[in-house]
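Everything below concerns the one structure shown next.
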Amino acid sequence: MAAYPPSLSTVEPAIASPAPSSSASKSSNVFHRIASWRYSLGLPNPGSVENLQKEVKSTLLTNFFFDGGRADLSKSLSVNPIFQVTHSFALGSQTAAPSYNFGAVFANNSVFLQGSVDHEGNVNGRLNQGWSANNVTKAQCQLSSQVGHSMLQAEHDYQGQDYSVNVKAINPSPVDATGIYMASYMQSFTKNLALGVELLHQRPAPDMTETAASYLAKYTGTDKNWIATAQLQPAGMLQATYWQKLSEKVEVAADLQVIAAPGRRDAIATLGTKYDLRMSTFRAQLDSTGKVSALLEQRFAPSFAFLVSGEIDHFKNAAKVGVGVMIESPSMTPEEMNSMMQMSMPPTPPQ
């Protein structure tokens, strides 16, 4: 969550030209002409590489599915600035051990802070600092008692008029320059097509270095109701996605991942849909591995939601079921809560 949303109308300032006789003046005039020509094209900001598949991830069930029991209890201590604390419980999962997590969120117009600690003492933190409407610095950290699980990540986002730049460092060491370093650039070439590249430089040890590049493409429909993306990664990995908004309440998405590396050839296709109703959200998903899954989030009030999820693996003859609740205690008076609940209830039909 960026403290400042990317501004699609940001106009890059032209550089004032010094004396016309200098070589710097000629270079400045050329840059000014190029900038003016780019601005006249009216190309949109393509978004960041990190959010290349944002709509697909929001529609598919992969990032939302859970099994076992789950409860999230939140308390809003302040509305402006936002200050909220959360207690999260999970148990009975087939893939994860029972856990408890305490988290807190603070946010205003320029800063976003999020932190959490679990029952094993693992600490996670996140900071987003917005310097302007198109400049955001981000930092994440994880402190764990397990060897090799601690992590520090720092990055910076810049959103230009028709391009975006991101630089990132994971566990950087100023002593021997070890760590993981990433840089990405996304450029709009037409009002619908954007192309980009992402560079990855890994240096796990001073005598070990590896560099790889990924190539990206994004095509957006003229009316913004469908998006197709493709990402070619190292070692012959290709990921292609498609998202379409069929109506105000219905979205569909498809994801295809192909691996054509030496000694391994595999492919996974996923198809999903999302229905946004007045007081509920329903997601369903089917993939080529034989898994059929669904998730229903039913909101009975603005501060209470009930979740139920299920998955059937036909190839392995296995099934998973999850049940959860989300309860929020806002910083409102009982009269304000009753008024909001009455507004959220469907109208009573005439007798």
Side-chain angles (χ1 to χ4, degrees), residues 1 53-77 79 82 84-96 98-105 114 116 225 243-255 270-287 291-314 318-350:
M1 171 179 174
Q53 302 159 357
K54 179 181 66 175
E55 293 80 6
V56 173
K57 293 178 180 178
S58 175
T59 302
L60 294 180
L61 191 54
T62 306
N63 295 327
F64 299 92
F65 181 81
F66 69 97
D67 65 326
R70 167 183 157 186
D72 297 316
L73 312 178
S74 302
K75 170 67 175 179
S76 295
L77 304 177
V79 177
I82 298 174
Q84 183 183 70
V85 295
T86 304
H87 302 270
S88 300
F89 305 85
L91 72 162
S93 173
Q94 298 182 21
T95 57
S99 64
Y100 164 75
N101 188 286
F102 173 77
V105 173
Q114 182 181 33
S116 65
N225 68 344
W243 171 86
Q244 183 169 358
K245 189 170 186 178
L246 300 180
S247 67
E248 290 297 324
K249 298 181 178 180
V250 182
E251 300 175 12
V252 294
D255 181 8
T270 305
L271 180 64
T273 183
K274 182 178 78 166
Y275 292 83
D276 282 318
L277 305 177
R278 188 184 180 201
M279 295 290 290
S280 63
T281 299
F282 177 75
R283 290 180 172 89
Q285 181 174 298
L286 169 69
D287 63 31
K291 294 180 181 179
V292 179
S293 52
L295 171 66
L296 173 65
E297 178 183 339
Q298 177 67 52
R299 293 176 292 276
F300 296 99
S303 59
F304 177 74
F306 177 76
L307 298 88
V308 57
S309 63
E311 179 185 271
I312 298 177
D313 192 329
H314 291 281
K320 297 179 182 178
V321 177
V323 177
V325 293
M326 298 174 64
I327 302 174
E328 180 178 356
S329 177
S331 55
M332 295 182 183
T333 64
E335 292 77 11
E336 292 174 330
M337 284 295 300
N338 291 332
S339 176
M340 180 173 290
M341 291 178 63
Q342 291 175 3
M343 293 175 61
S344 63
M345 294 297 290
T348 304

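Nothing fancy with the numbering, it's 1 onward along the sequence. The structure displayed is predicted, hence computed values, not measured ones.
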Does any N or O in the side chain of [X] come within less than 3.5 Å of the main-chain N or O of [Y], such that one atom is a donor and the other an acceptor?
{"X": "Glu251", "Y": "Trp243", "answer": "no"}
{"X": "Gln94", "Y": "Ala319", "answer": "yes"}
{"X": "Asp255", "Y": "Leu271", "answer": "no"}
{"X": "Thr59", "Y": "Glu55", "answer": "yes"}
{"X": "Ser293", "Y": "Gly310", "answer": "no"}

In the structure I gave you, are the side-chain heavy atoms of [X] and [Y] within less than 4.5 Å of one another anywhere?
{"X": "Val252", "Y": "Leu246", "answer": "yes"}
{"X": "Tyr100", "Y": "His87", "answer": "yes"}
{"X": "Phe65", "Y": "Lys320", "answer": "yes"}
{"X": "Leu60", "Y": "Thr270", "answer": "yes"}
{"X": "Val323", "Y": "Leu307", "answer": "no"}

Could you grab the distance from atom [atom1] of [X] to atom [atom2] of [Y], nearest 0.5 Å is fine?
{"X": "Thr281", "Y": "Lys249", "atom1": "OG1", "atom2": "NZ", "result": "11.5 Å"}
{"X": "Leu295", "Y": "Phe64", "atom1": "CG", "atom2": "CZ", "result": "8.5 Å"}
{"X": "Tyr275", "Y": "Leu296", "atom1": "OH", "atom2": "CG", "result": "13.0 Å"}
{"X": "Gln244", "Y": "Thr273", "atom1": "CD", "atom2": "OG1", "result": "11.0 Å"}
{"X": "Leu61", "Y": "Lys291", "atom1": "CG", "atom2": "NZ", "result": "11.5 Å"}
{"X": "Lys274", "Y": "Ser58", "atom1": "NZ", "atom2": "OG", "result": "3.5 Å"}

Handout entry: Verdict with supporting geometry, Glu328 and Lys75, side chain to side chain contact (heavy atoms under 4.5 Å, CB included)
Key = CA-CA 6 Å; Glu328 180 178 356; Lys75 170 67 175 179; over 6 Å; no

Handout entry: Phe89 six-ring face occupied by Arg70 cation (under 6.0 Å, within 45°)
Key =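 Because its charged atom misses either the 6.0 Å distance or the 45° angle limit, Arg70 does not stack over Phe89.
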
Mind listing the closest non-hydrogen atom pair of [X] and [Y] along with its distance?
{"X": "Arg299", "Y": "Ser280", "value": "NH2-N, 3.4 Å"}
{"X": "Val56", "Y": "Ala254", "value": "CG1-O, 4.4 Å"}
{"X": "Gly324", "Y": "Phe66", "value": "N-CZ, 3.9 Å"}
{"X": "Ser88", "Y": "Asp72", "value": "OG-OD1, 3.0 Å"}

